[in-house]
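Notes for the one structure printed next.
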Number of protein chains: 2
Amino acid sequence: MNIPANLPASTAMKSTSPKVTIEVVARQAGVSKGLVSFALNNRPGVSPETRVRILQVAKDLGWKPSLRARSLSTQRSYALGLVIARNPDVLASDPFFPSFIAGVESILAPEGRALVLSVVPDEETELRTYRSLVADGRVDGVFVTDLRLNDARIPLLAELGLPAVTLGRPDGPSPFPAVTVDDTPGVMASVAHLATLGHRRIAHVAGSSTLLHGLRRREAFTAALREAGLPEGQTVETDFSVAAGSDATRRLLTQDRPPTAIVYANDPMAIAGLGMAHELGVRVPDELSITGYDDIDFCRYVYPPLTTVSAAPMVWGRSAASTLLALMESGSADDVDLPAARLVVRGSTAPPSGK
Amino acid sequence: MNIPANLPASTAMKSTSPKVTIEVVARQAGVSKGLVSFALNNRPGVSPETRVRILQVAKDLGWKPSLRARSLSTQRSYALGLVIARNPDVLASDPFFPSFIAGVESILAPEGRALVLSVVPDEETELRTYRSLVADGRVDGVFVTDLRLNDARIPLLAELGLPAVTLGRPDGPSPFPAVTVDDTPGVMASVAHLATLGHRRIAHVAGSSTLLHGLRRREAFTAALREAGLPEGQTVETDFSVAAGSDATRRLLTQDRPPTAIVYANDPMAIAGLGMAHELGVRVPDELSITGYDDIDFCRYVYPPLTTVSAAPMVWGRSAASTLLALMESGSADDVDLPAARLVVRGSTAPPSGK
DNA sequence: TAGCCTCTCTAAACCGGTTCAGTTTGGGTC
DNA sequence: GACCCAAACTGAACCGGTTTAGAGAGGCTA
């Protein structure tokens, strides 16, 4: 009843790949662990020849330092975090994040950094999530998106000592670098475009004004009207969702003197508005002009194609990632101002009808 | 020129929060590190009273075991991975992932697990990414989405020994549990619905047939036509993108005898198709009926609202996450078949016009 | 030739947990 | 009272890196 006595043989077979650690490399190169570590992280104190020899041995053995071990001793995780607190509906219809993340990844991957993503239902959970990301040491830094008025995350992250980059400039003081795309010119251009076409009753379907970009776009809208010498326009505040965009549009169009043009704070709402106009028998662009914001893929393919403001979330992602890495590297990083989004004129805008 | 001699005092002030490790807890509770570890992971070999005392001390001291240290000794990361290889355009217009991820998170977060996300541009990078996630020990398991014909990821993950869950059943053998939503009934129902309305020339704008769900929907379409006793229908293969959906629609509608109904393999393409129909002056649903697949938020708000098949990516995410956790826990998990997606009839389908 | 400095390198501690071999304690059996 | 055994617990090794104090060797100065 002998258990195979030759078991060791099979074990021996595996001896081609016993885990190769820094210890093995050191022994093989005839030096100490510490020196291998020095050579790897090219720090001074290793003679050139020895350094070359160590690196060669490491390469020959196919050694990759263990991220886990390194994490424990350096107290860093080599990962960055993104916490998204959004109503699932809004999140789903807004292509901002997929593109933004693709941009972020394009920078992180070559650096061997990973992205830890959290999608949470509300702000309270959001703050808890940041705390636990830090407590667990899951990430070395985070992206702060969807800035809010008087954002509680700024002081929290400052308190936690977690490096961060904000997308856009917060309204209050912030110790973190901001990577910003100015919303104003795009909205201004939209309004100016409509004014030039001859519109005088222009309404705005705004996003949530607790969100800074919602607020900024709204302010830009108001300012643009003033600048164009037009009367104050109607503004309906929403939560940026498709459903809200649709409702707001119905509300605007079923009034006595409906607007001849509507400026939407994002594309999904504009597309929903387009649908609602159709439903109400209001022809676009003949009886109603519509502009969106973001230039999501759909814009080109709805009918009529949507005049909108072209943002570049992927570029934003790249820039934010670079900035965050720089911040962690050197302890400080400059604000970055990306080129403002530009108006793209398509078929959904035209001069107002005679009336 | 004395440097403040009372510096130690300020140090003393900080003594309220010197990092509390398992060592500190052990000393405070008057036991060894090992025993604290046992108590924490409630394993046998600790007397009830001692266990309670240890846990109490841990709580009083606010001790949270270090994820990093634990990772090093257990060789696990307590994180799961999701690698998405998609053309950025397709990714951006498809709300599947945001919803799916929200579902996944709702399971992972309470378990203290994190999600590591990678978005990569192509399949080659995708495979490399899986390898490096494993090499770095970033994740303990992964989700495999967008299954392809003869998917190279299955053997790779098997070889790497990384636990995985596939979304849908692969075409070849797979050692991994599959969480599946059957595409067939939804497509069948769409076709049956159109046939019942009286349509006889029904076309299909299919997704990429290298993607299993693209292929399955296409097969279901063909089978459904046969079952309804209708002649073979036209099928145009695309890459699931909005642009391709638009092109395919133009191709179909500008023929001599265009179809009276089009079944799209996903909603974004259907919405693009709707736009193209408008552009070509083809009235929907009077002259052309349209169905989509997924029931994304937009469907309800375009005009006419889109008849589509309602999938539930959030539920899928929850189920996939649970299955993956179970697999890692117990070493095996059963396949899960989620309720098939159901047809939702809205305004984009109607009996064909007289002609 | 002693003294000193610099450069290269080693040994050991450290990060903070888990795990396992082995010791102590107490109760039960004969 | 001797023996055995299980339960409770300890101490040390271990995971695989980084970091630091200090040892040795060699060159330069006086």
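A, B, ... follow the sequence lines: proteins, then strands. Residue 1 opens every chain. Only this structure's heavy atoms are used, side chains among them; waters, hydrogens and symmetry mates stay out.
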(request) Could you check how far CZ of A/Arg51 sits from C1' of C/dT8, rounded to whole Å? (result) 11 Å

(request) List the atom of B/Arg68, the atom of A/Gly137, and the distance in Å for their closest heavy-atom pair. (result) NH1-O, 3.0 Å

(request) Name the closest nucleotide to the B/Ile22 side chain, picking from D/dC9, D/dG16, C/dG17. (result) C/dG17

(message) Using 30° and 60° as the class boundaries, would you call the ring planes of B/Phe100 and B/Phe97 parallel, tilted or perpendicular?
(response) perpendicular

(message) Using every non-hydrogen atom in the two residues, find where B/Ala333 and B/Pro177 come nearest and quote the distance to one decimal.
(response) O-CB, 3.6 Å

(request) Whole angstrom is fine here: how far is it from CZ in B/Arg76 over to C1' in C/dT19? (result) 14 Å

(request) Count the heavy atoms of every other residue, nucleotide or ligand shown that sit under 6.0 Å from CG of A/Asp122, and state whether that count exceeds 12. (result) yes

(request) Ignoring backbone atoms, establish whether A/Ser37 has a side-chain N or O less than 4.0 Å from OP1 or OP2 of D/dT18. (result) yes

(request) Compare every heavy atom of B/Ile101 with every heavy atom of B/Leu115, then report the nearest pair and how far apart it is. (result) CD2-CG2, 3.9 Å

(request) Might you confirm whether atom CG of B/Asp60 has over 12 heavy atoms from other residues, nucleotides or ligands at distances under 6.0 Å? (result) yes

(message) Among residues at least two apart in sequence or on other chains, which ones pass side chain to side chain donor-acceptor pair (under 3.5 Å) with A/Arg128?
(response) A/Glu124

(message) Tell me the bend of the helix from C/dT1-D/dA30 to C/dC30-D/dG1 as the angle between end helix axes, each from five pairs, rounded to the nearest 10 degrees.
(response) 60°

(message) Does anything in residues 61-71 of chain A come within less than 4.0 Å of DNA chain D? Heavy atoms only, and list the residues if so.
(response) A/Trp63, A/Lys64, A/Pro65, A/Ser66, A/Ala69, A/Arg70

(request) Please list, chain by chain and in numerical order, all residues satisfying side chain to side chain donor-acceptor pair (under 3.5 Å) with B/Arg148, sequence neighbours excluded. (result) B/Glu123, B/Glu126

(request) List the atom of B/Arg169, the atom of B/Leu147, and the distance in Å for their closest heavy-atom pair. (result) C-CD1, 3.8 Å

(request) Find which nucleotide of DNA chain D each of B/Leu72 and B/Pro44 is nearest to by heavy atoms, and output the residue with the more 5' nucleotide. (result) B/Pro44

(request) Let me know, please, whether B/Thr74 or B/Val46 comes out on the 5' side of the other along DNA chain D by nearest nucleotide. (result) B/Val46

(request) Ignoring backbone atoms, establish whether B/Arg43 has a side-chain N or O less than 4.0 Å from OP1 or OP2 of C/dT19. (result) yes

(message) So if I take every side-chain heavy atom of A/Phe38 and compare against D/dT19, D/dG17, C/dT18, which nucleotide ends up nearest?
(response) D/dT19

(request) Spell out, as yes or no, whether a donor-acceptor pair under 3.5 Å connects the side chain of B/Trp316 to the backbone of B/Val179. (result) yes

(request) Spell out, as yes or no, whether a donor-acceptor pair under 3.5 Å connects the side chain of A/Arg138 to the backbone of A/Val116. (result) no

(request) Take atom CD of A/Glu23 and atom P of D/dA13, then tell me their distance rounded to the nearest Å. (result) 15 Å

(message) Please give me every residue in residues 24-35 of chain A whose heavy atoms get under 4.0 Å of an atom in DNA chain D, ordered by residue number.
(response) A/Lys33, A/Gly34

(message) Is there a side-chain contact between A/Ser47 and the phosphate of C/dC9, meaning an N or O under 4.0 Å from OP1 or OP2?
(response) yes

(request) Heavy atoms only: give me the nearest B/Gly141-B/Leu324 pair and the separation to one decimal. (result) C-CD2, 4.0 Å

Filtered N/O pairs between nucleotides 24-28 of chain C and protein, under 3.5 Å:
none

(request) Considering just the side-chain nitrogens and oxygens of A/Gln75, establish if one lies under 4.0 Å of OP1 or OP2 belonging to D/dT18. (result) no

(request) Look only at the side chain of A/Ser330 and the backbone of A/Ala326, and say whether a donor-acceptor pair between them is shorter than 3.5 Å. (result) yes

(request) For B/Ser77 and B/Asp140, work out which heavy atoms get closest and say how close. (result) N-OD1, 2.8 Å

